[in-house]
There are 2 protein chains.
Amino acid sequence: MNIAVVSKKFDLSQDTLRYYERVGMIPPVNRTPSGIRDYTEENCKWVELAKCMRSAGLPVEVMIEYLKLTQQGEETIPARRELLLEQREQLLAQKAAVESTLDRLNFKIERYEIAMETGVLSWDREEV
Amino acid sequence: MNIAVVSKKFDLSQDTLRYYERVGMIPPVNRTPSGIRDYTEENCKWVELAKCMRSAGLPVEVMIEYLKLTQQGEETIPARRELLLEQREQLLAQKAAVESTLDRLNFKIERYEIAMETGVLSWDREEV
DNA sequence: GCTTGACATAGTGTTAACTACAGATGTTAG
DNA sequence: CTAACATCTGTAGTTAACACTATGTCAAGC
């Protein structure tokens, strides 16, 4: 699978795919004898994982660290677990922040809709 | 309330508070005759809203736009609602991404914990 | 009244995560 | 074979959201 195909498959630019590889967020991709990238299924799985993590906002740096650990064999399993636990904490906090902001948005949207119907904009809790 | 107090109250740096004001993310803050910021309760509510939105990852640009609309009177209520609806969509997408990544993390953490007990690392779905 | 520390503005620096070339090399259709 | 196009490496540029620095003013304690 060449880079054009993978780019379309995961909706990531070719530049981004090369960037992920260069910084070590995914392992080195297979090459044809002439040096053209030829992604294996395994390569694709890493790309997909990277995209998933990034979409949730996990730093590139963290994926680089995770990849390093996986490449150092099974004795790094506890360290990998630790790393993932930390990131889970981050994500749970992130989720809470998103949910609380969604509450705020819903409240405001509702007030605005009432205002559009009745002509009266009333904040009945601490709001601006 | 001076900037030091507000900074502590919301755990935002003084630089950040000044930055938010400068770019128009919150309205201009009251000043003493000599030019020192003197935050009112209303000012604080804007700071708190700004912090909430930013914590969920909504762009500064969006808050600037929202503030502008609120300052143009009640005829912008439909536009404000539109803006908030868009951001709600963003946040729902963000929440979905976070949840799906949390699933991935939980799956991996579990495998690693099993591996640490049994010595066997088994991926039973498409994973790296 | 003088030092000291908080606050002011203005401008520059930083960091993360891409993104956009440029110039060279490889590939393919006719 | 050659034109046209894809991919390569390496470097430089961009953007968002602050953080830092320099320099100047003001207010409070002694």
Side-chain angles (χ1 to χ4, degrees), chain A residues 1-40 43-44 46-67 87 90-91 94 97 101, chain B residues 1-26 28-40 43-44 46-67 87 90-91 94 97-98 101:
Chain A
M1 230 179 304
N2 66 22
I3 198 169
V5 173
V6 177
S7 169
K8 273 172 201 149
K9 179 165 172 150
F10 295 108
D11 195 30
L12 291 171
S13 79
Q14 300 189 10
D15 274 327
T16 299
L17 287 170
R18 285 188 280 255
Y19 167 73
Y20 282 176
E21 183 180 351
R22 185 159 51 75
V23 298
M25 196 173 160
I26 62 175
V29 171
N30 276 49
R31 303 299 181 109
T32 65
S34 61
I36 305 287
R37 286 176 181 78
D38 183 25
Y39 291 78
T40 63
N43 291 148
C44 283
W46 276 100
V47 171
E48 195 268 326
L49 178 64
K51 182 179 175 168
C52 176
M53 298 296 146
R54 288 295 304 127
S55 79
L58 293 200
V60 166
E61 200 52 50
V62 169
M63 271 295 292
I64 294 173
E65 183 61 22
Y66 179 73
L67 174 55
Q87 297 311 310
Q90 296 295 313
L91 282 191
Q94 181 60 21
T101 302
Chain B
M1 229 180 305
N2 67 20
I3 198 169
V5 173
V6 178
S7 169
K8 272 172 203 150
K9 179 165 172 150
F10 296 108
D11 194 29
L12 291 171
S13 78
Q14 301 189 10
D15 271 328
T16 298
L17 287 170
R18 285 189 280 255
Y19 166 74
Y20 284 176
E21 182 179 354
R22 185 159 51 75
V23 300
M25 195 171 160
I26 62 177
V29 171
N30 278 47
R31 304 297 181 111
T32 66
S34 61
I36 307 287
R37 286 177 180 78
D38 183 25
Y39 291 77
T40 63
N43 292 148
C44 283
W46 276 101
V47 171
E48 195 268 326
L49 179 64
K51 182 181 174 167
C52 175
M53 298 295 145
R54 288 292 306 126
S55 79
L58 292 199
V60 165
E61 199 53 50
V62 168
M63 270 296 291
I64 295 174
E65 182 61 22
Y66 179 73
L67 175 56
Q87 297 311 310
Q90 295 296 313
L91 282 192
Q94 181 61 21
V98 167
T101 302

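Fair warning: this is a prediction, and the values are worked out from it, not measured in the lab. Naming: A, B, ... by sequence-line order, numbering from 1 per chain.
Among the nucleotides C:dA20, D:dC20, C:dG26, the one closest to any side-chain atom of A:Asp15 is C:dA20. Proximity note for A:Ala4 (side chain, C-beta onward) versus D:dT7, C:dT27, C:dT19: the nearest is D:dT7. Out of D:dC18, C:dA20, C:dG26, the shortest distance to the side chain of A:Ile36 is found at C:dG26. Considering only the side chain of A:Val60, C:dA17 comes nearest among D:dT7, C:dA17, C:dA20.
Here B:Gln14 reaches the OP1 or OP2 of C:dC7: one of its side-chain N or O atoms lies under 4.0 Å away. Of the side-chain N and O atoms in A:Arg54, one or more sit less than 4.0 angstrom from OP1 or OP2 of C:dC18. Between A:Ser34 and the phosphate of D:dC8, there is no side-chain N or O to OP1/OP2 separation shorter than 4.0 Å. For D:dT7, one of the phosphate oxygens OP1 or OP2 lies less than 4.0 angstrom from a side-chain nitrogen or oxygen of A:Asn2. Phosphate proximity of C:dA17 to A:Thr16: absent, as no side-chain N or O sits under 4.0 Å from OP1 or OP2. Regarding contacts with the backbone of C:dC18, a side-chain N or O of A:Tyr20 is found under 4.0 angstrom from either OP1 or OP2.
Here D:dA27 presents its P atom at 13 Å from CG of B:Asp38, a figure rounded to the nearest Å. Atom pair A:Arg31:CZ and C:dT27:P shows a separation of 13 Å (rounding to whole Å applied). With rounding to whole Å, A:Arg37 atom CZ is found 14 Å from C:dG26 atom C1'. Protein atom CG of A:Leu58 is 14 Å distant from nucleotide atom C1' of C:dA17, rounded to whole Å. Atom-to-atom, OH of B:Tyr19 to C1' of D:dA19 comes out at 12 Å; the value is rounded to the nearest Å. Atom pair B:Leu12:CG and D:dA17:C1' shows a separation of 12 Å (rounding to whole Å applied). Rounded to an integer number of Å, the gap from CD of A:Glu21 to P of C:dA17 is 18 Å. Note: CE (B:Met1) to P (C:dC7) measures 14 Å, nearest angstrom.
Using a 4.0 Å heavy-atom cutoff across all strands shown, A:Arg18 reaches at least one base atom of the nucleic acid. Across all strands shown, B:Arg22 has no heavy atoms under 4.0 Å from either base or sugar-phosphate atoms.
Panel note: side chain B:Asn2, backbone B:Val5; a donor-acceptor pair is recorded below 3.5 Å. Panel note: side chain A:Asp38, backbone A:Arg31; no donor-acceptor pair is recorded below 3.5 Å.
The shortest heavy-atom contact between B:Leu12 and B:Ser7 is O-OG, 2.7 Å. Annotation for B:Leu58 and B:Gln87: closest pair CD2-OE1, 3.4 Å, computed over non-hydrogen atoms.
You'll find the side chain of A:Lys51 reaches within 4.5 Å of the side chain of A:Asp11, heavy atoms only.
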